[in-house]
Structure formats: structure tokens, C-alpha cells
Amino acid sequence: MNPKHIALISSELGISSRQAENTMNLLSEGSTVPFISRYRKEVTGSLDEVQIGRIEDLQKRYKEVDERREFIIKTITEQEKMTPELQEKLEATWVLAELEDIYLPYKPKRKTRATVAIEKGLEPLAKLLFDQQDGNTAAAETFINEQVATSEEALKGARDIIAEWINENAECRDKLRKLFTHTGKLTSKVVEGKEEEGNKYKDYFEFAEDLREMPSHRVLAILRAESEGILFSSIAPVEEDAMDILNKQFVTGKGAAAEQVGKAATDAYKRLLRPSLENEFRAGAKEKADGEAIDVFAENLRQLLLAAPLGPKAVIAIDPGYRTGCKIVALDNQGNMLDHDVIFPLEKNYKRDDAEALLKKWADRYDTAAIAVGNGTAGRETEEFVKKIDFGKKINVFMVNESGASVYSASEVAREEFPDQDVTVRGAVSIGRRLIDPLAELVKIDPKSIGVGQYQHDVNQSNLKQSLDRVVVSCVNNVGVNLNTASKHLLAYISGLGPSLAENIVKYRKENGAFSNRMQLKKVHRLGDKAFEQCAGFLRIENGDNPLDNSAVHPERYAIVAEMAAKQHCTIQELMSKDDLRKKINAKDYINEEVGLLTLEDILKELAKPSRDPRDEISIFEYAEGIHKIEDVKPGMVLPGVVTNITAFGAFVDIGVKQDGLVHISHLSNKFISNPNEAVKLNQKVQVTVLEVDAMRKRISLSMKDSNEKASGHQQQQSGPRKEQRKDKPARKEEPLNDFQAKLAALKNKFN
């Protein structure tokens with residue numbers, strides 16, 4: 001382990017060297033982030049998943065810097081130009097840009113104007129001028145030869161050489177880099193003739209803003225428009241400020257020689273330094289914007305994956321449609337398809353009675369507990385039709401976000417699950433399974449296709465995948481999975497497994513039946529001790545040999561729980577079910593060299609609520625009656641809605657008209673907020689006031705301000721959520737939803 005890496009990471013993250021080193025050791029041994037954060041708290045000092053992930057990223061970054069430094073040192077040494085001072089400079093920096101600046105003068109060069117001038121023998125003249133000791137340029141005449149026709153040509157060649165020296169000066173580049181950092185502006189202009197085509201980028205047709213102040217969505221919008229040929233952009237400080245820096249550093253004399261150096265400095269800036277630094281800052285701005293956009297996407301994905309599940313109940317799922325009908329499927333409580341058909345309750349209502357009769361028949365035959373309706377085309381109409389049916393028993397109806405269902409239905413995963421069914425049936429199955437357990441179903445879909453991101457197709461795809469995969473892994477392991485019912489796609493995200501071992505587990509289940517205890521995992525082909533250590537605590541077995549197998553207590557700590565039970569003269573099951581027995585336990589009595597108080601406290605919490613699902617209870621949501629299309633929406637209305645996407649500039653809310661409205665960040669709260677996540681969460685049920693409607697451009701401006709002042713005045717236009725209590729969790733008290741004070745001042749929304 002590199003001691004410098006440890007020091008750098010501990011300093012950057014504000015943690016102790018011991019925490020950094022121990023965590024780095026665990027990662028290098030093959031331990032996963034979820035395993036380390038949950039089961040190695042004493043070793044890491046209770047670092048959470050985010051901190052451990054940052055350590056992993058920084059360790060990788062510093063390793064890359066080391067590898068590049070090693071290459072640079074080797075190259076310069078082979079050139080026999082290495083000095084103790086240069087070696088010290090190279091060893092001192094951990095910033096790649098600074099490392100490249102130091103290396104630049106020694107970097108093997110392609111043919112440049114300066115190298116051509118050197119080949120013509122003009123380097124001595126360049127040195128003479130650069131020293132600026134002699135005020136005149138008469139010496140240029142002595143460099144006229146077969147390759148240099150005039151003294152002016154000699155001076156021009158010398159200036160080319162000086163310009164390259166200035167460009168390669170690390171001190172100069174550092175000063176200019178600071179100027180770009182503090183005063184650089186990103187400017188954009190429309191390409192002539194592209195005004196109409198690029199109308200959605202109109203705000204950026206004549207635009208300038210300090211780069212360091214620009215939010216990510218503006219940077220990405222301009223870069224996207226530039227890639228589409230709508231805009232051209234540039235990044236630079238005021239040119240006079242840059243030239244002042246160069247002239248102060250390099251123009252040290254007076255007279256004709258100093259004038260030549262001044263010209264070389266201007267050329268160096270315009271031709272070499274500015275383009276180089278602009279590219280660097282453009283890449284940096286893109287990287288920063290990518291990071292912020294990826295963070296937004298990752299947080300949205302986390303909230304979506306951890307959405308409240310209905311739980312193991314039989315469901316009828318409906319994928320709505322007009323002309324082609326509504327595709328319906330019946331699923332059992334594990335999401336297995338029992339039946340499928342097509343009904344036509346909407347198109348001219350000519351088969352409405354048949355549709356109602358079939359749904360009633362299925363609800364009785366398959367003991368249906370709920371009906372899931374996709375929220376796409378015809379979703380509202382289908383929902384209203386189903387809600388009017390008298391099933392003779394209570395069957396709750398849920399609108400389910402179907403984003404990405406079509407991607408799943410055409411995927412290899414869906415073809416493998418339902419080889420004999422077409423895409424419409426597969427899509428309906430996905431909608432129903434999302435209601436039963438959104439996490440288990442959504443892991444089968446590429447996160448980019450779920451529709452909760454911001455510029456997800458513009459950001460660095462490798463970084464996006466890494467971040468989203470990390471979120472999926474975190475969510476799956478946070479919830480835990482049933483070892484005997486989980487699909488191989490869900491199992492693949494469990495700590496220490498992956499696709500191959502997940503498939504082997506499913507194969508073992510088919511050949512040997514359900515697992516009765518966790519130790520049987522070791523019988524799975526190629527699942528060794530390390531994989532068992534990493535995965536066992538996240539896999540659940542209901543009604544198994546040991547009640548602890550259905551908890552987050554790791555098998556490596558079963559002996560401690562057994563000791564606790566023995567001292568209380570009870571069984572492990574009794575210890576888990578009786579609060580008075582657990583209260584008698586003093587965790588400090590069980591501390592040893594391997595197990596500390598943090599782990600023991602976690603064990604006692606888990607014994608009290610074994611395998612408790614950390615997700616919320618599901619709630620029923622109802623849109624406002626009579627609001628079906630954008631033409632029905634009027635300024636001043638107060639409507640219920642569901643948050644469907646969160647971006648850096650606000651939140652999108654579904655109010656039931658097929659076109660989500662935007663609550664700009666300035667209208668999310670009565671107080672100032674810098675991050676929309678401070679005010680709302682994905683899938684949150686909210687009340688919004690309509691500010692402005694642009695039916696032509698399909699834009700709706702909404703507000704969530706003044707939520708407590710106008711609630712009583714619009715009860716006829718709203719409906720609150722009702723809880724569907726899960727048997728495995730006690731119902732929590734539902735806070736009443738409030739309406740919002742209408743503010744009818746026009747809000748200019750920036751959707752791009």
C-alpha cells in the first residue's frame with residue numbers, strides 16, 4: 001500500500017490515516033463496498049458506502065497518476081535530461097495537468113513551426129532575442145542562408161521558437177490556468193442560418209457566463225447544441241488580462257528585441273496556449289457537468305429502485321391502449337404469469353362489457369389483490385374504467401410508471417423469460433412486477449432507459465455506468481433478497497456474486513430444491529469461501545433451519561447470538577421475538593478482538609426487526625377528476641401530482657395529462673434551496689399550483705410554494721394518498737398533504 005496514497009486520501013476525505021489504509025486493504029483483498037460498510041465497521045471506523053466508494057475512486061486515480069509519472073520519468077531519463085530538481089518536481093505533484101506541464105518541454109514532438117525553424121539553424125537567434133540584452137535585431141541578418149532568405153524570415157522563425165518556449169513554460173501555464181479558473185467565460189453564439197432549427201436552444205444564441213458559476217445543465221445544453229451544429233462556443237478569460245501575464249513574465253527589456261518577444265508572446269497565446277487551455281477547461285467543464293448530471297441520475301435511480309413495493313400479492317397488470325386494445329396479464333404473488341389476454345374497453349366502448357366481465361372473472365379465479373395500470377397512452381382512461389368495476393371485494397388500483405417497459409420487453413432477458421410471448425405481453429408483465437417489487441424488476445433494465453436522468457446520453461458513458469451500477473448494487477444489498485425466489489438478474493447484484501455465480505445458484509435451486517440454510521451456498525459450483533463471506537449476509541431464507549438465515553446477521557456472528565440466547569436460557573427464535581429478553585443483554589459483554597460495539601449494536605437491532613424491508617409502505621394515488629389532457633389544465637388550479645424526475649434546475653411532476661409539468665427550483669420551496677432533492681423525492685405525492693400553460697409547446701409551469709395557506713380552498717381538485725399496509729411492516733401515520741398558494745406571475749422555464 002502506497003503511504004502517499006493513504007495520506008492524500010485521508011486528507012481529501014477528512015478521515016484518519018488508519019481508516020483510509022484499512023479500507024484500502026479491504027478493497028484490495030476483494031471485499032465489496034456494501035460488505036465493508038455493513039460488516040466491517042470497526043475496521044473502517046463506520047465509513048458509509050459513499051465514503052468507501054470515494055476511497056475506491058481516489059485510489060484508482062492516484063494509481064493512474066503514479067503510472068503516468070513513472071512513464072514520464074523513464075522517458076526523460078532515457079533522453080539523459082533528468083536532473084535532481086526535475087525529479088523532485090515530478091515526484092511532488094499529484095495533479096495530472098501539472099505533471100503534463102512539467103513534461104511538455106521533454107515530450108517527443110511532431111513537426112512544428114518551431115522545429116522547422118530550429119532545423120534552419122535559428123535557435124541561437126531565438127536565444128539572443130529572448131535574452132533581450134541587445135535592444136536591436138541586427139543579428140538576424142547573420143542567419144540568412146540557403147534556407148532563410150531574409151532577415152525578416154529569420155526573425156519570424158526565431159519568434160516561432162520563442163513562442164514554443166513560452167508555451168512550454170510550466171510557470172506561465174500555471175498562471176494562465178489560474179486566470180482561466182477565476183475569470184474564464186463560456187460564450188456561445190448561434191451558427192448563421194440555424195436559428196429556426198435550433199429554436200429550443202434560443203437562450204444560448206448570444207450567451208456568456210463565468211464558467212465556474214455555470215450549472216451543469218447549461219454546460220451540457222451548450223455542448224449538445226454545439227455537437228448538433230446549432231451553436232459554436234468558446235472558453236477564455238479577457239485576452240488583455242492573459243497578455244498582461246505573458247508580457248510581465250517574458251517581455252523584460254526594451255527596444256526591438258523586446259518587441260519581437262512581445263510578438264512571440266501574442267502568437268504563443270493565440271496559437272498555442274489559449275487553444276490548449278481552452279481544450280483543457282472544456283474537458284474539465286464537461287467532466288464536472290458530467291459528474292453533477294450523473295449524481296442527479298444516480299440519486300433519482302436510488303429513489304426509484306427503493307420505491308415502495310406492494311409485496312407478494314397476486315396482481316392483474318394492464319398495458320393500456322386504444323385501437324390495439326389493453327394487454328392484460330395475471331400474475332401470482334411471486335410475479336409468475338398465470339394468464340394473458342387483450343381487452344377493448346376504450347375504443348368506441350364496443351367491447352366494454354366483455355372487458356369488465358373478463359377482469360371480474362380473473363380477479364376471482366386468481367384471487368387478485370391489486371390491479372396495476374401502466375401510465376402511458378390511455379392510462380388515465382383505463383384507470384377510470386377499472387375503478388368503476390364492482391369486483392365484490394376490495395381491489396386497489398395503482399398507476400405504475402412504465403418507462404423502460406418497452407426496452408425490457410424487447411430485451412434478451414425478456415426473451416429468455418418468455419420465449420413464446422410477444423413484446424406486448426412481456427411489457428404488461430413488467431408493469432405488474434414493478435408493482436409487486438420494483439427493485440427486482442427494474443434491475444433487468446439498463447438504468448439509462450428508465451427515464452429519470454438528465455442528459456444521460458451526453459455524459460461520459462463509462463462513468464455513468466460505473467455510478468449507476470454502484471447504485472443498483474447498493475440498493476439491492478440494502479434491501480436484501482430472498483435466496484429461494486430471486487431471479488439470477490437480481491442475485492447478480494448481490495455482494496460477491498455476479499452473473500456467473502448467480503446463474504449457478506439458480507441452477508442449484510432447480511436441481512436440489514430450495515435452500516434450507518445459508519451454509520448450503522458453499523455447495524454451489526465455484527462459490528468459494530470469499531464469495532460466501534461477501535454474499536451470505538445479504539441473502540434471506542424464509543422458514544429455514546436457522547431463524548438468523550432470514551436476517552442481516554452474518555453467519556460469522558451466529559455464535560455470538562447463540563451465546564446471547566444461552567445466557568438468557570432461551571432459543572434464538574425466542575430471543576428474536578421477545579423484547580424483554582433482548583433488553584437484558586449488555587452488548588459490551590460480548591466484545592472481543594474481532595467484534596466491537598458497533599457490530600454488536602447492529603446485531604441487536606437486527607434481532608429486534610429481522611429482515612425488515614427498509615422501503616416505505618405503498619400508497620394509492622389519485623389524479624384530479626376531469627383533468628385528462630393539457631387543454632384541461634388552467635392557471636390557478638391546485639392539483640395532485642407525482643414527482644417523476646428530478647434535475648439540477650427543478651422537478652417534473654405528472655398531473656395526469658401525459659405531459660409532465662415543471663416545478664422550477666425557484667418554485668419548489670418558500671425558502672432558498674440549491675438542490676431540488678432538498679424539497680422533493682422521486683415518486684413523492686405532491687400538490688402543485690398551475691402557473692402557466694403553453695399547449696402549443698406542451699409546457700406546463702407549476703409551483704409548490706405556500707403549501708399551507710391555500711389547502712382548504714381547492715379540496716374539490718385534489719385527493720390524498722391512501723396507505724396499503726404491508727403485513728411485514730406496521731403502518732406509519734400518514735401526514736396530511738397540503739395545497740399550495742397560487743402565484744400567477746409568469747415563470748420562464750428552461751427545459752433544455
Glu119 CD: over 12 foreign heavy atoms closer than 6.0 Å: yes

Carboxylate-amine/guanidinium proximity below 4.0 Å for Lys248 and Asp244: no

Exercise answer: donor-acceptor pairs, residues 255-264 side-chain atoms, under 3.5 Å, sequence neighbours excluded:
{"residue": "Gln260", "atom": "OE1", "partner": "Arg159", "partner atom": "NH1", "Å": "2.6"}

Residues in salt bridge (charged side-chain N to carboxylate O under 4.0 Å, His left out) contact with Asp694, at least two apart in sequence or another chain: Arg697

Distance-only polar pair, side chains of Ser234 and Thr187, donor-acceptor under 3.5 Å: yes

Which residues share a ring pair (Phe, Tyr, Trp, His ring centres under 6.0 Å) with Phe143, sequence neighbours left out: none

Partners passing salt bridge (charged side-chain N to carboxylate O under 4.0 Å, His left out) against Glu98 (at least two apart in sequence or in another chain): none

Which residues share a side-chain hydrogen bond (donor to acceptor under 3.5 Å, both in side chains) with Glu195, sequence neighbours left out: none

Residues that Glu171 engages under side-chain hydrogen bond (donor to acceptor under 3.5 Å, both in side chains), provided they are two or more places apart: Lys175

Residues in salt bridge (charged side-chain N to carboxylate O under 4.0 Å, His left out) contact with Glu78, at least two apart in sequence or another chain: Lys74

Those residues that, when tested against Asp469, pass salt bridge (charged side-chain N to carboxylate O under 4.0 Å, His left out) (two or more places apart): Lys465

Results of side-chain hydrogen bond (donor to acceptor under 3.5 Å, both in side chains) for Thr644 - residues two or more places apart only: Asp660

Smallest separation among heavy atoms of Ile700 and Gln659, with atom names: CD1-O, 3.6 Å

Residues which pass side-chain contact (heavy atoms from CB on, under 4.5 Å) with Pro215, listed by chain and number, not counting sequence neighbours: Glu209, His217, Arg218

Partners meeting ring pair (Phe, Tyr, Trp, His ring centres under 6.0 Å) with Phe205 (sequence neighbours left out): none

side-chain hydrogen bond (donor to acceptor under 3.5 Å, both in side chains) involving Glu152 - partner list, sequence neighbours excluded: none

